[in-house]
Participant: 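Pasting a structure here, questions to come.
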Amino acid sequence: IEFCRNTPIAMSNDGLLRVNHYLETSIEYILAVGDISQYPLKVFNIEDVNCQHWQMACSTGHQAGKRIVNKGDVHHFLSFLSQNDSLPLS
């Protein structure tokens, strides 16, 4: 994440990239997924969470891909609860 330090991308105090519920950073058309992102988990009313787990990286990658092709709905999920894909909690 070092390459983002001197850019307009919003970062947390922990050096993670802040994203919204669509995994979008503070710069238009730039998304961040997996271990480098910090995102809201509204189902538990948590504003900033980072889960460093391989299933979360896969799940956020899938969600970002759907968002890129404009088919991604907002999901508040915990991906490690499901074997096949993220488990929507909204």
Side-chain angles (χ1 to χ4, degrees):
I1 308 174
E2 192 64 37
F3 66 93
C4 295
R5 293 222 185 270
N6 294 319
T7 69
I9 297 175
M11 297 180 75
S12 71
N13 291 337
D14 297 333
L16 301 169
L17 304 181
R18 290 182 175 246
V19 297
N20 62 19
H21 53 273
Y22 291 113
L23 301 174
E24 300 166 327
T25 66
S26 56
I27 297 181
E28 191 174 19
Y29 305 116
I30 304 293
L31 285 76
V33 300
D35 295 357
I36 66 167
S37 63
Q38 189 175 52
Y39 43 86
L41 187 60
K42 297 293 185 183
V43 71
F44 293 119
N45 202 26
I46 300 172
E47 287 299 319
D48 297 311
V49 67
N50 172 263
C51 181
Q52 297 184 0
H53 190 277
W54 69 270
Q55 286 181 325
M56 186 59 83
C58 290
S59 181
T60 55
H62 289 175
Q63 184 179 357
K66 289 177 183 177
R67 185 72 185 145
I68 289 168
V69 296
N70 214 12
K71 295 182 181 178
D73 293 330
V74 175
H75 288 290
H76 306 294
F77 55 85
L78 294 176
S79 67
F80 55 84
L81 294 177
S82 171
Q83 294 295 322
N84 300 322
D85 200 356
S86 61
L87 179 62
L89 296 175
S90 58

Participant: How far does NE2 of His21 sit from CZ of Arg67, to the nearest 0.5 angstrom?
Facilitator: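 The CZ atom of Arg67 is 7.5 Å from NE2 of His21, to the nearest 0.5 Å.
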Participant: Check Val33 against Ala64 and note the closest heavy-atom contact, atom names and distance.
Facilitator: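 That would be CG1-CB, 3.6 Å.
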Participant: Search all heavy atoms of Cys4 against all heavy atoms of Ile9 and return the closest pair with its distance.
Facilitator: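 Heavy-atom minimum between the residues: SG-CD1, 4.1 Å.
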Participant: Which pair of heavy atoms, one from Thr25 and one from Ala32, lies closest together, and at what distance?
Facilitator: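 Nearest heavy atoms, Thr25 then Ala32: CG2-CB, 4.0 Å.
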Participant: What are the two closest non-hydrogen atoms of Met11 and Arg18, and how far apart are they?
Facilitator: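 Met11 and Arg18 have their closest heavy atoms at O-NE, 3.7 Å.
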Participant: Identify the two heavy atoms, one from Leu23 and one from Thr60, that lie closest to each other, and give their separation to 0.1 Å.
Facilitator: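 Closest approach of Leu23 to Thr60, heavy atoms only: CD1-O, 3.2 Å.
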Participant: Can you tell me which residue among Val19, Leu17, Leu16, Val49 is in a side-chain contact (heavy atoms from CB on, under 4.5 Å) with Gln38?
Facilitator: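 Looking at Val19, Leu17, Leu16, Val49, the match for Gln38 under the side-chain contact (heavy atoms from CB on, under 4.5 Å) is Leu16.
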Participant: Could you give the distance from CG (Leu31) to CD1 (Ile68), rounded to the nearest 0.5 Å?
Facilitator: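 Interatomic distance, Leu31 CG to Ile68 CD1, rounded to 0.5 Å: 5.5 Å.
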Participant: Keeping the roles fixed (side chain from Asp48, backbone from Tyr39), state whether a donor-acceptor pair exists under 3.5 Å.
Facilitator: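 Side chain of Asp48 to backbone of Tyr39: no pair is present.
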Participant: Taking all atoms of both residues into account, what is the closest heavy-atom pair of Gln52 and Asp35, and its distance?
Facilitator: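 Taking Gln52 first and Asp35 second, the nearest heavy atoms are CA-OD1, 3.5 Å.
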Participant: Donor-acceptor check, side chain of Ser26 to backbone of Pro8, threshold 3.5 angstrom: yes or no?
Facilitator: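 Yes, because the side chain of Ser26 sits within donor-acceptor range (under 3.5 Å) of the backbone of Pro8.
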